[in-house]
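Here is how names work: the chains are called A, B, and so on, in the same order as the sequence lines, proteins then strands, and each is numbered from 1. What you are looking at is a predicted structure, and each value in this text was computed from that prediction instead of being measured.
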Amino acid sequence: MCGRYALSSPVESLEAQFEAEARALLTPRYNIAPTTPVPVVRNGGPGRVIVLQHWGLIPSWSKDPAMGARMANARGETVVEKPSFRGPFRRNRCIIPADGFYEWRAGTPKQPFCIRLAGGGLLGFAGLWDHWEGPDGAVDSCTIITTSANGAMAPIHDRMPVILAPEDYARWLDPATPAEALRELLRPCPDAWLQLAPVSTRVGNVRNDDPDLMEPIDG
DNA sequence: CCAGACGTTGTT
DNA sequence: GTCTGG
DNA sequence: CCAGACGTTGTT
DNA sequence: GTCTGG
């Protein structure tokens, strides 16, 4: 799955790769957790924008915004039908940028890994967002879509985030793309894209937030 | 008809 | 909001 | 995802 | 064990 990731690339790199205009101040983060604001690329006006949205999708019809707490991920296999996700899947698709993400291999102790592009560069997760309004204001929130693990990820975990190819960004964000074509995109990326490395268990604690969290350790 | 759910992950 | 269960 | 809490009363 | 917070 994807419950923790990092994003520290300069805003200029994000704007270039995703052809979007940043409308929020972005700070380097090496330990991004659900329930925090995360940068999201989505359609806005004539072009694409980068905005901060709460990680954990709160359905627009939800009475309790706490519902978002368990919506950090959405299964790609079922987004088309789940009540919480099918509306956003039709209308509110987004891309969530990352420099890498973390997965924990089961065992004692659990061993965290950092997964990055083998050739370096930014990843774009397939995501969904929604707009929620409550008595005390409005919240735009988002979720990261998951799929089965590819060969590279399988030794660590049976799920992984959907990582879009840059040539698929436009298709994913285009409101006119048919659902069948969208579902074609929700597949595990090729093994060769990814590079995995074990990292310090310090990443488990969300209070730790420094570049060393992404650094490979021995073993 | 109304009431209640609406989700994923990992682990057992 | 929309579906499922009763 | 993991880490950490898991409670109430009265008083300031 | 299970929920909340980050």
Side-chain angles (χ1 to χ4, degrees), chain A residues 1-8 27-40 52-92 96 98-116 123 125-134 138-149 153-163 179 186 188 194 196-210 212-214 217:
Chain A
M1 78 152 305
C2 184
R4 212 72 74 78
Y5 69 97
L7 179 62
S8 62
T27 57
R29 295 164 68 193
Y30 304 92
N31 201 354
I32 300 174
T35 76
T36 66
V38 299
V40 161
L52 291 173
Q53 299 195 180
H54 175 92
W55 184 12
L57 189 142
I58 305 165
S60 59
W61 42 261
S62 179
K63 292 190 181 86
D64 182 2
M67 187 169 178
R70 292 175 196 166
M71 308 274 186
N73 294 121
R75 290 177 67 89
E77 297 91 330
T78 54
V79 280
V80 71
E81 64 200 28
K82 295 292 184 184
S84 296
F85 300 133
R86 68 184 162 206
F89 179 64
R90 273 183 286 146
R91 296 181 300 276
N92 297 332
I96 297 172
D99 289 312
F101 61 99
Y102 303 103
E103 295 281 4
W104 280 259
R105 184 178 61 195
T108 39
K110 277 178 290 192
Q111 176 60 54
F113 285 73
C114 182
I115 299 95
R116 313 177 73 162
L123 312 168
F125 299 137
L128 306 174
W129 65 276
D130 209 346
H131 178 82
W132 179 87
E133 290 188 26
V139 181
D140 280 349
S141 59
C142 63
T143 189
I144 294 172
I145 300 177
T146 62
T147 185
S148 51
M153 289 295 302
I156 305 305
H157 220 63
D158 60 347
R159 303 289 297 172
M160 65 182 286
V162 172
I163 299 166
L186 302 183
L194 302 181
L196 288 75
V199 295
S200 166
T201 54
R202 287 195 313 116
V203 73
N205 192 324
V206 295
R207 289 174 301 194
N208 295 321
D209 183 6
D210 57 80
D212 286 349
L213 297 180
M214 301 181 77
I217 59 170

Checklist entry - How far does the P atom of E:dT2 sit from the matching atom of D:dG10, given to the nearest Å? => result 33 Å
Checklist entry - Between D:dA3 and B:dT11, how far is it from one P atom to the other, in whole Å? => result 13 Å
Next on the checklist: Does A:Ala66 reach a base, just sugar-phosphate, or nothing at all? Heavy atoms under 4.0 Å.
Outcome noted: nothing
Item to check | d(NZ, A:Lys110; P, B:dT9) in whole Å | outcome: 15 Å
Checklist entry - For D:dG7, what is the paired nucleotide under Watson-Crick or G-U wobble rules, both distances under 3.5 Å? => result none
Next on the checklist: Taking 4.0 Å as the cut-off, does a side-chain nitrogen or oxygen of A:Thr201 come that near to OP1 or OP2 on D:dC2?
Outcome noted: no
Next on the checklist: Does A:Thr35 reach a base, just sugar-phosphate, or nothing at all? Heavy atoms under 4.0 Å.
Outcome noted: base
Checklist entry - Judged by modelled atom types alone, do A:Arg29 and A:Thr36 share a side-chain donor-acceptor pair under 3.5 Å? => result yes
Next on the checklist: By nearest atom, which of the nucleotides E:dG6, C:dG1, B:dT9 is closest to the A:Pro83 side chain?
Outcome noted: C:dG1
Item to check | Candidates B:dT8, D:dC2, C:dC3 - which lies nearest the side chain of A:Arg86 | outcome: C:dC3
Checklist outcome for this item: Residues A:Phe113 and A:Pro198: closest non-hydrogen pair is CD2-N, 3.5 Å
Checklist outcome for this item: From NZ of A:Lys82 across to C1' of C:dG1 the rounded distance in Å is 16 Å
Checklist entry - When rounded to the nearest Å, what value does the distance between P atoms of E:dG1 and D:dT9 take? => result 29 Å
Checklist entry - Expressed in whole Å, how much space separates the P atoms belonging to D:dT8 and E:dT4? => result 14 Å
Item to check | Spacing of A:Leu57 atom CG relative to C:dG1 atom P, expressed in whole Å | outcome: 16 Å
Item to check | A:Arg159 vs D:dC1: side-chain N/O to OP1/OP2 distance below 4.0 Å | outcome: no
Checklist entry - What is the distance from CZ of A:Arg105 to C1' of B:dT9, rounded to the nearest Å? => result 18 Å
Checklist entry - Can you tell me how far P of B:dT8 sits from CD1 of A:Ile58, to the nearest Å? => result 16 Å
Next on the checklist: Which nucleotide wins on minimum distance to the side chain of A:Asn205, given the candidates D:dA3, C:dG1, E:dG6?
Outcome noted: D:dA3
Checklist entry - Of the nucleotides E:dG6, B:dT11, B:dT9, which one has an atom closest to the side chain of A:Arg75? => result B:dT9
Checklist entry - Using a cut-off of 4.0 Å on non-hydrogen atoms, how would the nucleic acid contact of A:Asp158 be classed: base, sugar-phosphate, or nothing? => result sugar-phosphate
Checklist entry - Are the charged groups of A:Glu77 and A:Arg159 less than 4.0 angstrom apart, N to O? => result yes
Checklist entry - Given atom CZ of A:Phe85 and atom P of B:dT8, what is their separation to the nearest angstrom? => result 5 Å
Checklist entry - So, is A:Thr146 close to the B:dT9 phosphate, meaning a side-chain N or O under 4.0 Å from OP1 or OP2? => result yes
Checklist entry - What are the two closest heavy atoms between A:Trp104 and A:Gly204, and how far apart are they? => result CZ2-CA, 4.0 Å
Checklist entry - Can you tell me how far C1' of E:dG6 sits from OH of A:Tyr30, to the nearest Å? => result 19 Å
Item to check | Candidate nucleotides E:dG6, B:dT8, C:dG1, ranked by approach to the side chain of A:Thr78 - the nearest | outcome: B:dT8
Checklist outcome for this item: Any strand, both distances under 3.5 Å, Watson-Crick or G-U wobble: C:dG5 pairs with B:dC2
Item to check | Qualifying residue for side-chain contact (heavy atoms from CB on, under 4.5 Å) with A:Asn92, from A:Asp130, A:Leu57, A:Leu128 | outcome: A:Asp130
Checklist outcome for this item: Nearest heavy-atom contact between A:Thr143 and A:Ala74 is OG1-N, 3.5 Å
Item to check | Rounded distance (Å) that lies between atom P of D:dC1 and atom CZ of A:Arg202 | outcome: 21 Å
